[in-house]
Number of protein chains: 2
Amino acid sequence: MGKIICAGLGPGDPELMSVKADRLIREAGHVAFFRKKGRAGQARTIVREMLRDDVVEYPMEYPVTTELRFDSEEYRQQMVDFYADWADRLEALAQEHDIVVLCEGDPFFYGSFMHLHTRLQGRAEVEVIPATPGMVGCWNALDTPFTWGDDVMTVLMGTLPEEDLVKHMGGGDALVVMKTGRNLPRVKRALAAAGRLEEAWFVEKGTMPGQRIARLADVAEDDCPYFAIVLVHGQGRRPEAEA
Amino acid sequence: MGKIICAGLGPGDPELMSVKADRLIREAGHVAFFRKKGRAGQARTIVREMLRDDVVEYPMEYPVTTELRFDSEEYRQQMVDFYADWADRLEALAQEHDIVVLCEGDPFFYGSFMHLHTRLQGRAEVEVIPATPGMVGCWNALDTPFTWGDDVMTVLMGTLPEEDLVKHMGGGDALVVMKTGRNLPRVKRALAAAGRLEEAWFVEKGTMPGQRIARLADVAEDDCPYFAIVLVHGQGRRPEAEA
């Protein structure tokens with residue numbers, strides 16, 4: 001009997017992976033990872049120098065990308081079938097040997113593996129290795145402290161309705177916006193309405209080759225991949241000499 | 001000439017440190033770390049098996065603990081002097097050789113090193129190694145996905161006024177409350193007022209020896225160290241089979 005080990009990969013630089021994830025991935029005989037059809041997959045790319053020559057790979061290819069609305073019945077049914085199928089396959093594989101599932105960022109923080117974790121409860125032994133979330137790598141790339149003192153940090157998805165974005169952006173101190181991509185025009189309008197656009201930064205591929213940093217106000221609205229992150233720093237309480 | 005390297009240690013389990021931090025700490029000839037007077041220091045404890053026999057250690061001892069109010073003038077002045085003094089000393093050390101500063105969690109996420117980072121700009125080369133924040137280790141300890149779909153995640157300090165806590169707790173989905181300790185009664189009242197107390201978890205020493213997990217409602221109000229974290233899971237959108 002084996003187990004299913006979900007290894008969080010961290011923000012993208014392989015050196016920022018945990019010692020434990022690094023060791024388990026180098027030792028792994030079987031690895032699975034999510035990817036879009038026709039792509040190498042970001043998780044697989046991060047570990048490309050680490051895998052054994054004889055590793056057996058299981059690409060878990062998402063059945064849909066952009067052609068269906070995420071709230072459509074067809075999208076829901078395709079994703080339900082996809083996760084059910086891979087939960088069955090991972091359960092069967094774990095009857096024979098360990099299998100390491102690669103997950104970018106931290107697996108329990110908006111990660112796709114959560115859909116398998118839920119379905120595998122009681123069916124196989126599952127261990128999750130925590131990791132540095134992508135947003136942490138992105139604020140590190142800006143080389144500036146992100147949250148101070150009593151700052152409230154709010155993490156928002158760019159997929160939220162604009163009025164919800166505005167409300168939360170106005171109430172928080174440090175802000176993180178994920179799932180940007182084609183939602184960027186709405187995210188920019190909401191930040192402007194909340195009076196935070198001028199402070200906002202855009203980070204694409206934080207800690208990875210091709211890392212790109214810009215003031216969000218300078219980023220064209222059609223020039224934003226889905227995984228780029230928007231950050232607004234907190235400015236909270238700190239002990240300083242009197243002005 | 002050397003540089004100042006701030007190595008984030010992650011949530012506490014040494015195996016959850018990054019490959020890069022692990023290597024730099026094992027190689028280090030000089031390490032500095034914050035601690036309370038009279039204590040070994042949590043950061044120093046995490047790396048105790050990793051340091052070279054001939055390492056030179058610089059404990060940076062906080063000048064005050066609980067006897068002064070954080071908003072008092074005397075506290076402010078003592079902390080200003082403390083950070084100014086250690087910025088000077090680290091700048092001088094970096095004239096001679098590299099020095100690794102140990103920081104629990106991620107250094108830019110409510111970390112004490114930020115006060116030195118700000119003061120050292122333009123005076124020495126400073127590199128910060130990002131890490132897994134303590135809260136990520138704590139939600140991993142609960143072995144349950146933390147944020148789903150469009151969930152809003154809000155990170156709050158227990159030091160905030162109760163009315164602010166209630167407002168933010170009511171507006172967010174997934175909640176993290178840090179700096180709990182003696183603020184726990186206020187945090188519990190605020191969660192109850194926001195209707196979230198029954199869902200809340202308490203995690204002390206997440207990923208470390210002595211890890212303790214409990215339903216927050218079952219934790220006595222005088223039984224909470226400052227670094228324990230309170231967590232409420234998000235329950236957001238996810239593709240599931242029809243009920």
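Here is the naming used below: chain letters follow the sequence lines, and residue numbers restart at 1 for every chain. What you see is a predicted model, and the numbers here were worked out from it, not measured in a lab.
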*Stepwise side chain to side chain contact (heavy atoms under 4.5 Å, CB included) test for K20(B) and M17(A)*: CA-CA 8 Å; K20(B) 186 170 188 176; M17(A) 204 175 295; over 6 Å; no
*Yes or no on side chain to side chain contact (heavy atoms under 4.5 Å, CB included) for F146(B) and M114(A), after CA distance, side-chain angles and deciding distance?*
CA-CA 9 Å; F146(B) 194 64; M114(A) 306 190 317; over 6 Å; no
*Before giving the answer on side chain to side chain contact (heavy atoms under 4.5 Å, CB included), spell out for N140(B) and F108(A) the whole-Å C-alpha distance, their side-chain angles and the decisive distance to 0.1 Å.*
CA-CA 7 Å; N140(B) 183 264; F108(A) 281 156; 4.0 Å; yes
*For M153(A) and M153(B), what are the C-alpha separation, side-chain angles and deciding distance, and is it a side chain to side chain contact (heavy atoms under 4.5 Å, CB included)?*
CA-CA 8 Å; M153(A) 184 178 87; M153(B) 184 178 88; 4.1 Å; yes
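Considering L160(A), L165(A), D164(A) as possible partners of V152(B), the one that fulfils the side chain to side chain contact (heavy atoms under 4.5 Å, CB included) test is L160(A).
Per-residue counts of heavy-atom pairs under 4.5 Å with chain A were compared for M157(B), K167(B), M79(B), M178(B); the largest is that of M157(B). The greatest number of non-hydrogen atom pairs below 4.5 Å with chain B, out of G171(A), G149(A), G158(A), is found for G149(A). In terms of non-hydrogen atom pairs under 4.5 Å with chain A, the most contact-rich of K179(B), E127(B), H117(B) is H117(B).
Counting heavy atoms from C-beta on, the side chains of P145(B) and P107(A) never come closer than 4.5 Å. For the pair D151(A) and Y110(B), the minimum side-chain heavy-atom distance is below 4.5 Å. Taking the side chain as every heavy atom from C-beta outward, D106(B) and T132(A) never approach each other to under 4.5 Å.
Contacts between H168(B) and chain A at a heavy-atom distance below 4.5 Å involve the side chain alone, from C-beta outward. Heavy atoms of D143(B) lying under 4.5 Å from chain A belong to its backbone as well as its side chain. Heavy atoms closer than 4.5 Å to chain A are found nowhere in D81(B), neither backbone nor side chain. Residue F113(B) does not touch chain A at all, counting heavy-atom pairs closer than 4.5 Å.
In this structure, S18(A) contributes its side chain and L16(B) its backbone to no donor-acceptor pair below 3.5 Å.
Considering every non-hydrogen atom in both V136(A) and A131(B), the closest pair reads CG1-O, 3.6 Å.
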